[in-house]
Amino acid sequence: ICFFANSIFAQSESTKSLINETMLHPADAFTGYTFKKGEWAYNQAITTYPSWAWWGITDWLTTELDFEAWLGGVPSFNFRIAVLKQKGLQPTLAYETMYQYIKKEFDQFYNLDYLEINRQGNSWYNHVNASWEINDKWHLHLSGGLTYSQNIDINNSDSINYTGKSF
């Protein structure tokens, strides 16, 4: 997994800022690989309720079953579609798309006192994921894309040194 950060420490470390927290979906790892038909993977966050699973509908179509979002009343649909298989330097490619509708405003990081990401309405991301198998143990993954959020407010929760932006 490769992460690139630009100007991440542009403000004083003593001031908690949005620049220090640039992620919207922490620890996401996008890949160009899809599951084979019938393959499953279940993922459990450190919670008392179900989290999410991946399921290979076909060899070229994988879906995420987002139990956490569904139980919270948020319709969520996520699909990864195989486009190309690796041949030489040409990577394995997949198109990934996820749609969510958040009816009531939701603070994505309600458990942090220095960061708020309040989302509401339609959210739709689209990625092209590239993966290279270097050898049996090493793979390189690269992903890029666009996200549309109908309403999003990102701020540092600080009433004295407020930093934030609404889109």
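- A distance of 11.5 Å separates NZ in K36 from OG1 in T62, rounded to the nearest 0.5 Å.
- In the model, N129 has a side-chain atom that pairs as donor or acceptor with a side-chain atom of S143 under 3.5 Å.
- With a 4.5 Å cut-off on side-chain heavy atoms, Y101 and Q120 do not count as touching.
- Residues G32 and A94 approach most closely at O-CB, 3.4 Å, considering heavy atoms.
- Annotation: side chain of N122 is not in contact with side chain of W124 (no heavy-atom distance under 4.5 Å).
- Note: T97 OG1 to I81 CD1 = 7.5 Å, rounded to the nearest 0.5 Å.
- Grouping Ile, Leu, Val, Met, Phe, Trp and Tyr residues whose side-chain heavy atoms lie under 4.5 Å apart, directly or via other members, leaves L146 alone, with no other cluster members.
- Using a 4.5 Å heavy-atom cutoff, the side chains of N155 and I117 are not in contact.
- Side-chain contact check for Q150 and R119: no donor-acceptor pair (N or O, by modelled atom type) lies under 3.5 Å.
- W52 belongs to a hydrophobic cluster whose remaining members, ordered by chain and number, are F35, W54; membership requires side-chain heavy atoms of ILVMFWY residues under 4.5 Å apart, directly or through intermediates.
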Criterion side chain to side chain contact (heavy atoms under 4.5 Å, CB included) on Q90 and L84, from CA distance to verdict: CA-CA 8 Å; Q90 171 190 297; L84 291 173; 3.9 Å; yes

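- In this structure a side-chain-to-backbone donor-acceptor pair under 3.5 Å is missing from N126 to G145.
- Relative orientation of the F30 and H127 rings is parallel, given thresholds of 30° and 60° on the angle between their planes.
- Here W40 pairs with W55 under the ring-ring contact (aromatic ring centres under 6.0 Å, His included) rule; sequence neighbours left out.
- Using a 4.5 Å heavy-atom cutoff, the side chains of Q86 and P91 are not in contact.
- To the nearest 0.5 Å, atoms CG (L71) and OG (S51) are separated by 9.5 Å.
- Legend: salt bridge (charged side-chain N to carboxylate O under 4.0 Å, His left out) pairs involving residues 83-101, not counting sequence neighbours, sorted by first then second residue: R80-E96.
- Closest approach of S131 to H141, counting heavy atoms only: OG-ND1, 2.7 Å.
- F79 has its side chain within reach of L61: a pair of non-hydrogen atoms, C-beta onward, lies under 4.5 Å apart.
- Put simply, the side chain of S149 does not reach to within 4.5 Å of the side chain of Y125, judged on heavy atoms.
- Remark: N78 CG to T63 OG1 distance equals 6.5 Å, nearest 0.5 Å.
- Annotation: D136, atom CG; neighbour count of heavy atoms from other residues, nucleotides and ligands within 6.0 Å does not exceed 12.
- W132 is listed as a side-chain neighbour of L142, based on a closest heavy-atom distance under 4.5 Å.
- With sequence neighbours excluded, the residues forming a ring-ring contact (aromatic ring centres under 6.0 Å, His included) with W70 are F67, listed by chain and number.
- The salt bridge (charged side-chain N to carboxylate O under 4.0 Å, His left out) pairs that include a residue from residues 39-67 number zero, where partners must be two or more places apart or lie in different chains.
- The closest side-chain heavy-atom distance from Y49 to E68 is below 4.5 Å.
- Atoms CG and CG, on L115 and N156 in that order, are 8.0 Å from each other to the nearest 0.5 Å.
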